[in-house]
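The structure appears below as structure tokens.
Residue numbers begin at 1 in each chain, while the letters A, B, ... track the order of the sequences.
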Amino acid sequence: MSLENNAAAAPAAPSDFIRDIVAAHVGEHKYPRIHTRFPPEPNGYLHIGHAKSICLNFGIAREFGGICNLRMDDTNPTKEDIEYVESIQADVNWLIGGWAEDRLGLKPHGKTPETKTGEGKNDFFLPPVFGTSENERKHSDVKLEPFYASDYFDQIYEYAVELIKRGKAFVCDMTPDQTDEYRRNGKASPFRDRSVAENLDWFTRMKNGEFADGTRVLRAKIQVDAANVWLRDPLLYRIKHADHHQTGGKWCIYPMYDFAHCLSDYVEGITHSICTLEFEVHRPLYDWILESLDLPRPLPHQYEFARLSLNYTIMSKRKLMQLVQENLVTGWDDPRMPTISGIRRRGVTPEALRNFAYNIGITKYNGLTDVSVLEYAIRDDLNKRSLRRLAVLRPIKVVITNYPAGQVEELNATNNPEQPETGWRKIPFSRELFIERDDFAEVPPPKFFRLKPGGEVRLKYAYIIKCEEVIKDAAGNIAELRCTADLDSKTGGATSARKVKGTIHWVSAAHCVDVEVRLYDRLFTEAEPEKDGRDFKSVLNPHSLEVVTAKCEPSLKDASAETRYQFERLAYFALDLDSRPGRLVFNRTITLKDAWAKEAKK
RNA sequence: UGCCCGAUGGUGUAACGGUAGCACAGCAGACUCUGAAUCUGUUUGUCGUGGUUCAAAUCCACGUCGGGCAACCA
């Protein structure tokens, strides 16, 4: 096969402005190796917006033979928690598993940067361990863990001291309000011209815990009236007498994001530091800090792209936390949540999420992506992989009056028409069945080609039946349908080729199993829940979860958590972790496209 | 208000001075023992005004609109 053919056969390689930059750097051998990082703050669960970033950063590492470090950006102990550290690791492993897990940069447990001394000052470097799968890591003697910005608190502190010595940082005693006001007005702090010795002394005393929270900060000395406010002598360190989930009580001063982030990137040898657009105005500060320290190794650079916005959902961690804390959902992993753990629990696969990330692309334009793009990626993936099964969500009883009582036939049903190699299974047929309530209409609307009085319909994999009689209870509700079957119409039978317009699904009443089915729908009724400042809680969808007891074909008793199912003509489903033996719970991942629903509306 | 960034069909994106393409959505049809999938066709677009050029979505200027930042959060 020629190279051209190969290229044509392979899925198109992702291309975007960041990858173009990286490709150019690779072309000119600018770095020995491409090194990205994914640096979440462990103050909440990861959501689909983070998934976009993970796919970008690990995708680049994968495509250019590089590495992507997982790093906890944990510089604010009062907002962070070990629960989030753990969920982040699980979500990242799940999303990159089997795809880029060999590009995941981790470090040996407890390891901190190596120090190299030269020209009278220290250089710090913490190389990654990579190239192992999650499974290999689990069975290895060396316990690996993510990187933590908190691992560099000693080094970051030393860099702060160095900045002071260079006359580029000072301790400021103003109150937060004063600082605010001075910065807004471009006025210099009265403490700006303290001597190096003085600053060193104050900063040491800050570290030693002599002062209360908020009474002093370390600030960079850049330009008090800079047009870019992030250059107006920004804060580098603040006092917080708080225990840290990683460093415990060791510190009472913590570096600010801007100071810690660029230096963490440097210490890890990151080449391309990719973040979202709101950090664009911070880039001059990112560069200023690294350049002011006159560091010996190549410096990392920051690149920004637009964060993901999806309609019919919200993405802010703070607001997602509100949903959790106010019990508007069952938890961070509620299948209605846009969190990675919620999406996973819903039954979406990592491949589907990655395809979605690939399809939406990377730009600097802040758009609003239609959820239908996500839904398409999910359906496309599930259509190819899911096992077909018959299940009735809202049953109505059918009796085949010309079918012998007590007789049972085992009929062949295909597992997945998209993948014939998945074979067939048997499903039992008998005189009494359940069909879907929506598949019968006493007064059929136009173009309704399902079951109606006197009408015929194909029972999937079984016979063509005709509705002879509608039996109602005292209240006038339909209790039972009495039908006759064309007993020659079974697959392979004499009249099996007869054309009937509709085919419906069914289960045998005597053989079916009851399962709990959770029917999820979008969490919000409005495309833009927060449009014009409206409270997102006022547009929560009251029908985002409906629970029914469904009747399933017996093979579903052996359902596994890894397998995805399509209940034919309805939707895709996955086993929920609430399932117990004999008490299965299925989550509806996503419905099938429903052309009839659209037609019926007309 | 200052600074930064952006603008291509309904939505998301491609075109890197040379035929505006793709995906989703929509619409119409074919096929169908899933009203799914698949297949075919199709509606809709370069924010505006100037300029440079043989040629502008692309380069330049001005304007318009949108977003971000102005936390001892990240």
Side-chain angles (χ1 to χ4, degrees), chain A residues 12 15-17 20 39-41 43 73-76 78-80 172 174-176 179-180 183-184 186 213-219 226-232 234-240 253-254 256-258 260-261 275-284 304 306-308 311 317-318 359-377 379-380 383-384 388 390 413-414 417-418 447-450 457-462 464 489-491 496-505 566-572 591-600:
Chain A
S15 169
D16 53 67
F17 77 99
D20 289 347
E41 184 189 14
N43 66 345
D73 203 358
D74 55 351
T75 55
N76 186 357
T78 58
K79 291 193 172 167
E80 296 156 10
C172 178
M174 288 197 294
T175 65
T179 310
D180 234 40
R183 289 190 73 196
R184 248 201 318 275
D213 290 7
T215 56
R216 253 164 267 258
V217 292
L218 182 72
R219 295 175 67 179
N228 180 343
V229 292
W230 286 100
L231 261 17
R232 320 245 263 228
L235 277 64
L236 265 24
Y237 261 94
R238 77 288 215 189
I239 301 170
K240 267 182 197 285
I253 58 172
Y254 293 94
M256 299 288 290
Y257 162 84
D258 288 289
H261 203 90
C275 60
T276 44
L277 249 26
E278 65 269 30
F279 294 100
E280 213 163 15
V281 287
H282 294 234
R283 187 170 2 112
E304 310 87 10
R307 62 169 354 123
L308 171 68
N311 59 14
K317 272 201 241 179
R318 208 193 87 237
N359 288 336
I360 56 176
I362 300 291
T363 64
K364 297 188 73 157
Y365 175 71
N366 263 312
L368 179 61
T369 300
D370 199 305
V371 273
S372 67
V373 180
L374 206 213
E375 294 173 343
Y376 174 81
R379 289 194 181 105
D380 187 48
N383 176 48
K384 288 172 194 150
R388 311 294 127 120
L390 298 189
T414 183
E418 304 284 326
K447 291 188 186 171
F448 183 86
F449 43 87
R450 302 176 182 180
V457 77
R458 156 80 62 185
L459 293 178
K460 178 101 184 175
Y461 304 122
I464 293 169
S489 64
K490 201 171 63 175
T491 307
S496 68
R498 273 178 60 206
K499 294 289 174 203
V500 282
K501 192 66 179 159
T503 299
I504 64 172
H505 60 277
Q566 182 198 102
F567 293 176
E568 290 213 40
R569 302 206 310 128
L570 296 171
Y572 296 100
T591 60
L592 254 32
K593 273 181 76 175
D594 190 350
W596 167 241
K598 209 174 287 174
E599 182 64 38

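Remark: B:G29 base-pairs with B:C39; criterion is Watson-Crick or G-U wobble with both hydrogen-bond distances under 3.5 Å. Across all strands shown, B:A23 forms a Watson-Crick or G-U wobble pair, both distances under 3.5 Å, with B:U11. Here B:C65 sits opposite B:G6 as a Watson-Crick or G-U wobble pair (both hydrogen-bonding atom distances under 3.5 Å). When both distances must be under 3.5 Å, the Watson-Crick or G-U wobble mate of B:C59 is B:G51. Partner assigned to B:A70 is B:U1, using Watson-Crick or G-U wobble distances below 3.5 angstrom.
How far CD of A:Glu304 is from CD1 of A:Ile362: 13.0 Å, rounded to the nearest 0.5 Å. We find the CD1-OG1 distance between A:Ile239 and A:Thr215 to be 4.0 Å, quoted to the nearest 0.5 Å. For the atom pair CZ (A:Arg450) and OG1 (A:Thr503), the distance works out to 11.0 Å, reported to the nearest 0.5 Å.
The C1' atoms of B:G29 and B:G21 are separated by 24 Å, rounded to the nearest whole Å. For B:A25 and B:U43, the C1' atoms lie 12 Å apart once the distance is rounded to whole Å. For B:U13 and B:A57, the C1' atoms lie 14 Å apart once the distance is rounded to whole Å. Using atom P as the reference point in both B:A7 and B:C47, the two lie 9 Å apart (nearest Å). Atom P of B:G50 sits at a distance of 24 Å from the matching atom of B:G10, rounded to the whole Å. With P as the reference atom, B:A14 and B:A23 are 15 Å apart, rounded to whole Å. One P atom belongs to B:G17, the other to B:C59, and the distance between them is 9 Å to the nearest Å. Only the P atoms considered, B:A36 is 12 Å distant from B:C27, to the nearest whole Å.
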Are any protein N/O atoms closer than 3.5 Å to N/O atoms in nucleotides 14-16 of chain B? If there are, list each pair with its distance.
unit_1: B:C16; atom_1: N4; unit_2: A:Asp20; atom_2: OD2; d: 3.2

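The shortest distance between the side-chain N/O atoms of A:Arg238 and the OP1/OP2 oxygens of B:C73 is below 4.0 Å. For B:C27, one of the phosphate oxygens OP1 or OP2 lies less than 4.0 angstrom from a side-chain nitrogen or oxygen of A:Lys598. Contact check, A:Tyr365 against B:G6: no side-chain N or O comes under 4.0 Å of OP1 or OP2. Listed pair A:Lys364 / B:G68 fails the phosphate criterion, with no side-chain N or O lying under 4.0 Å from OP1 or OP2. For the pair A:Thr503 and B:U32, the criterion of a side-chain N or O lying under 4.0 Å from OP1 or OP2 is not met.
Only one option out of A:Lys79, A:Lys317, A:Glu80 pairs with A:Asn43 in a side chain to side chain donor-acceptor pair (under 3.5 Å); it is A:Lys317. A side-chain contact (heavy atoms from CB on, under 4.5 Å) with A:Pro234 is found for exactly one of A:Arg219, A:Arg183, A:His282, namely A:Arg183.
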Tell me, with the steps shown, if A:Phe449 and A:Trp596 meet ring pair (Phe, Tyr, Trp, His ring centres under 6.0 Å). CA-CA 10 Å; A:Phe449 43 87; A:Trp596 167 241; 7.1 Å; no

Quick one, A:Thr179 with A:Leu235, criterion side chain to side chain contact (heavy atoms under 4.5 Å, CB included). Give me CA distance, side-chain angles, the key distance, then yes/no. CA-CA 10 Å; A:Thr179 310; A:Leu235 277 64; 4.1 Å; yes

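As rounded to whole Å, 11 Å separates atom P of B:G6 from atom CG of A:Asn366. Rounded to whole Å, atom C1' of B:U11 lies 13 Å from atom CG of A:Leu308. In this structure, A:Glu278 places its CD atom 15 Å from P of B:G6, rounding to the nearest Å. Atom OH in A:Tyr237 sits about 14 Å away from atom P in B:C73, given to the nearest Å. In this structure, A:Glu280 places its CD atom 19 Å from P of B:G2, rounding to the nearest Å. The separation between A:Glu375 atom CD and B:A23 atom C1' is 15 Å, rounded to whole Å. The interatomic distance linking A:His282 (NE2) with B:A74 (C1') rounds to 9 Å, in whole Å. As a whole-Å value, the separation of A:Leu231 CG from B:A70 P is 14 Å.
Where A:Ser489 and A:Asp74 meet RNA chain B, the nucleotide closest to each residue was compared, and A:Ser489 sits on the side nearer the 5' end. Comparing A:Pro417 and A:Tyr376 against RNA chain B, the residue whose closest nucleotide sits nearer the 5' end is A:Tyr376.
Counting non-hydrogen atoms under 4.0 angstrom, A:Val217 reaches a base of the nucleic acid. Among the atoms of the strands shown, only primed sugar atoms or phosphate atoms (P, OP1, OP2) are found under 4.0 Å from some heavy atom of A:Ile360. Using a 4.0 Å heavy-atom distance criterion, A:Thr78 is classed as making no nucleic acid contact. Residue A:Thr591 is classed as having no contact, given no heavy-atom separation below 4.0 Å to the nucleic acid. Counting any heavy atom pair closer than 4.0 Å across all strands shown, A:Ile464 reaches no nucleic acid atom. Residue contacts shown for A:Arg388 include a base, since a base heavy atom lies under 4.0 Å away. Base engagement by A:Phe449 is indicated by at least one non-hydrogen atom pair under 4.0 Å involving a base atom. At a threshold of 4.0 angstrom between heavy atoms, the contacts of A:Lys499 are confined to the sugar-phosphate backbone, with no base atom among them.
Nearest to the side-chain atoms of A:Arg183 among the listed nucleotides B:A74, B:C72, B:U34 stands B:C72. Distance from the side chain of A:Lys501 is smallest to B:U32 among B:C69, B:U32, B:A37. When distances are taken from the side chain of A:Lys460 to each of B:C33, B:C3, B:A74, the shortest belongs to B:C33. Among the nucleotides B:C33, B:C72, B:A36, the one closest to the side chain of A:Asp180 is B:C72. Picking from B:C33, B:A74, B:G68 the nucleotide with the shortest atom distance to the side chain of A:Tyr257 gives B:A74. Closest to the side chain of A:Ala227, out of B:G35, B:C69, B:C3, is B:C3.
Between A:Phe279 and A:Tyr257, the ring planes lie tilted relative to each other; the angle falls in the 30° to 60° range.
One can find a donor-acceptor pair under 3.5 Å joining the base of B:G35 and the side-chain atoms of A:Arg450. The base of B:C72 does not come close enough to the side chain of A:Thr179 for any donor and acceptor atom to sit less than 3.5 Å apart.
Taking 4.0 Å as the cut-off between side-chain N and carboxylate O, A:Arg388 and A:Glu568 do not count as a salt-bridged pair. One finds no salt bridge joining A:Asp594 and A:Lys598 here, because no Lys/Arg side-chain nitrogen approaches an Asp/Glu carboxylate oxygen to under 4.0 Å.
You can call A:Trp596 stacked on the base of B:G35; the centres are under 5.5 Å apart and the planes sit within 30°.
Between the side chain of A:Arg379 and the backbone N or O of A:Asn383, no donor-acceptor pair lies under 3.5 Å.
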